[in-house]
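To start, the structure itself, in structure tokens.
Here is the naming used below: chain letters follow the sequence lines, and residue numbers restart at 1 for every chain. Excluded from the calculations below are hydrogen atoms, water molecules and symmetry mates; all remaining heavy atoms, backbone and side chain alike, are included.
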Amino acid sequence: NAGVTQTPKFRVLKTGQSMTLLCAQDMNHEYMYWYRQDPGMGLRLIHYSVGEGTTAKGEVPDGYNVSRLKKQNFLLGLESAAPSQTSVYFCASSSDRDRDADTQYFGPGTRLTVL
Amino acid sequence: QQQVKQSPQSLIVQKGGIPIINCAYENTAFDYFPWYQQFPGKGPALLIAIRPDVSEKKEGRFTISFNKSAKQFSLHIMDSQPGDSATYFCAASSYNAGNNRKLIWGLGTSLAVNP
């Protein structure tokens, strides 16, 4: 089991460029999440999904879009990157089975720099 | 408004010391309190968790103390080692309006254990 994988690991963008971050999980989890981590800000939820074909906004969704076309994949898109989106992005997944949903499994992260 | 308040922001101890990280919450609907450990360059991983029906849980050198009446919980690391140097996040979970589990994160504590 690879667990949760993220692609790419690093990326540098110029302001206004677009990109898509890919998250894949092989644990058959229903729930998937995208977080960003900034110094002193902890983990902030961007978007999440409770199942294939569903997405919902987290606490910092502006400037991002997501899609969950397949159960195992969760894509995070930046349509027009801004320097404020420079961050480390983490994807996570969890089961939907009641209290098993409380344990989130994280990927290794994507370090994004927007110049 | 931070629903889970974590302190201190950073902590330095000597090898063998007992670092203590504290978290406080307001929402009495929270019913699951995990701690995650994050090493540099990695994603967070579940370390230990407690439910409010017990006041203490130990796993190896890691102990959670839980005070339901004070709405506080803390992580103690016994006989700390340099390999424990990491960022520690507390969190609290409950059901959201959509009857899905929702995890609320503290801002994290950066722990350094000096040799």
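Closest of all the heavy-atom pairs between B:Gln38 and A:Phe90 is NE2-CZ, 3.3 Å. Considering every non-hydrogen atom in both A:Asp102 and B:Tyr36, the closest pair reads O-OH, 3.6 Å.
Under the side-chain hydrogen bond (donor to acceptor under 3.5 Å, both in side chains) criterion, A:Arg11 pairs with no residue, sequence neighbours left out. Residues satisfying the salt bridge (charged side-chain N to carboxylate O under 4.0 Å, His left out) test with A:Arg111, not counting sequence neighbours, are none.
Note: A:Tyr48 OH to B:Leu103 CG = 12.5 Å, rounded to the nearest 0.5 Å.
Top candidate by heavy-atom pairs under 4.5 Å with chain B, chosen from A:Ala92, A:Cys91, A:Ala56, A:Pro108, is A:Pro108. Annotation: maximal heavy-atom pairing with chain A below 4.5 Å, among B:Gly43, B:Pro44, B:Gly108, occurs at B:Pro44.
A:Trp34 and A:Val50 fall into different hydrophobic clusters, where Ile, Leu, Val, Met, Phe, Trp and Tyr side chains are chained together by heavy-atom contacts under 4.5 Å. Placement of B:Tyr88 and B:Trp105 in two distinct hydrophobic clusters is found when ILVMFWY residues are connected by side-chain heavy-atom separations under 4.5 Å, directly or transitively.
A:Gln37 touches chain B through its side chain: at least one heavy atom from C-beta onward sits under 4.5 Å away, while N, CA, C and O do not.
Open room surrounds CD on A:Glu79; 12 or fewer heavy atoms of other groups in view lie less than 6.0 Å from it.
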